[in-house]
Amino acid sequence: KQEVTQIPAALSVPEGENLVLNCSFTDSAIYNLQWFRQDPGKGLTSLLLIQSSQREQTSGRLNASLDKSSGRSTLYIAASQPGDSATYLCAVRPEGSSGSARQLTFGSGTQLTVLP
Amino acid sequence: EAGVTQFPSHSVIEKGQTVTLRCDPISGHDNLYWYRRVMGKEIKFLLHFVKESKQDESGMPNNRFLAERTGGTYSTLKVQPAELEDSGVYFCASSRWTGNTEAFFGQGTRLTVV
């Protein structure tokens, strides 16, 4: 059974700092990994999708890396801003063609606060 | 392009009552998923539709939950009768192709059973 762990559970940093959020998963047989952002009371916003054959994806100040063999992904946020404050979730989709291969398994998230 | 839309955004019902949640996926997305997050837990998968067919309902907690997707467009998730432990946030997501594309999520329906 796939398990996804996100460390730390909460993180507080001053504005302008670069930071790294960590995600680890127990079963390396994944199809892809997706990073999401959730603002309080809001839905999930997709940030980056990394296919299993990729090593990283970049979008603006965000860079996500994937080391499938070791079961790890990181989300790097450069020059953090107060508007980056949110909960960041990673989720993995397993390999395979059966029905269970299409669902995402989520971590519990990292709650990020960027202080002005 | 409109995103995934869920109705209502909040619902407060009494134990034993029935509630129906609705999800409108992104137009053209064949895959529709329901997930939920109960207090203090991770977001968990409930079920997956491809068009109007249920592909995987392994995450449905019990037979008080019934999901439908008539005509392969919008989907409803009915809870009948609701129990206290059903409280949480119910998310709907859609994707165009199975497996290899991004899942786009709605804003969620916060269900409170009192």
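Below, each value reflects all heavy atoms present in this structure, side chains not excepted, and no hydrogens, waters or symmetry copies. Source: prediction; values computed, not measured. Lettering of chains follows the sequences in order, A, B, ..., and the numbering in each one begins at 1.
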ask   = Within the side chain of B:Tyr35, is there an N or O that forms a donor-acceptor pair under 3.5 Å with the backbone of A:Leu104?
value =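 Checked: pair present.
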
Is there a continuous path of hydrophobic side-chain contacts, each under 4.5 Å between heavy atoms, that joins [X] to [Y]?
| X | Y | value |
| --- | --- | --- |
| B:Leu84 | B:Val89 | no |
| A:Ile30 | A:Phe106 | no |
| A:Trp35 | A:Val4 | yes |
| B:Leu32 | B:Met60 | yes |
| A:Leu62 | A:Leu21 | yes |

task = Select, from B:Leu47, B:Leu46, B:Ile43, the one with the greatest count of heavy-atom pairs under 4.5 Å involving chain A.
result =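 With the most close heavy-atom pairs to chain A, the winner is B:Ile43.
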
ask   = When only pairs under 4.5 Å are counted, which of B:Arg110, B:Glu42, B:His10, B:Gln6 shares the most heavy-atom pairs with chain A?
value =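 The candidate making the most pairs under 4.5 Å is B:Glu42.
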
ask   = What part of A:Leu48 is in contact with chain B, defined as an atom under 4.5 angstrom from a non-hydrogen atom: side chain, backbone, both or neither?
value =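 No part of it gets close to chain B.
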
message = Looking at A:Gln2, I want to see if its CD is surrounded by more than 12 non-hydrogen atoms of other residues, nucleotides or ligands under 6.0 Å.
response =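 Enclosed: over 12 neighbouring heavy atoms sit under 6.0 Å from CD of A:Gln2.
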
query = With a cut-off of 6.0 Å (strictly less than), are more than 12 heavy atoms of other residues, nucleotides or ligands near CZ of A:Arg72?
reply =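 Count not over threshold, so no.
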
request  = Among the options A:Gln38, A:Gln34, A:Lys42, pick out the one with the most heavy-atom pairs lying under 4.5 Å from chain B.
outcome  =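 Most heavy-atom pairs under 4.5 Å with chain B: A:Gln34.
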
inquiry  = Is there a side-chain contact between A:Leu89 and B:Arg37 in this structure, where contact means two heavy atoms from C-beta onward sitting under 4.5 Å apart?
reply    =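 Yes, close enough: below the 4.5 Å cut-off.
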
request  = Kindly indicate whether the side chain of B:Lys41, heavy atoms from C-beta on, has any atom under 4.5 Å from the side chain of A:Ser108.
outcome  =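 Counting from C-beta outward, B:Lys41 and A:Ser108 never come under 4.5 Å.
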
query = When rounded to the nearest 0.5 angstrom, what is the spacing between CG in A:Leu44 and CD in B:Gln107?
reply =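 Answer for the CG-CD pair, A:Leu44 versus B:Gln107, is 10.5 Å.
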
Nearest atoms (heavy-atom pairs only) where A:Ser46 meets B:Ala103 =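 Closest approach of A:Ser46 to B:Ala103, heavy atoms only: CB-O, 4.2 Å.
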
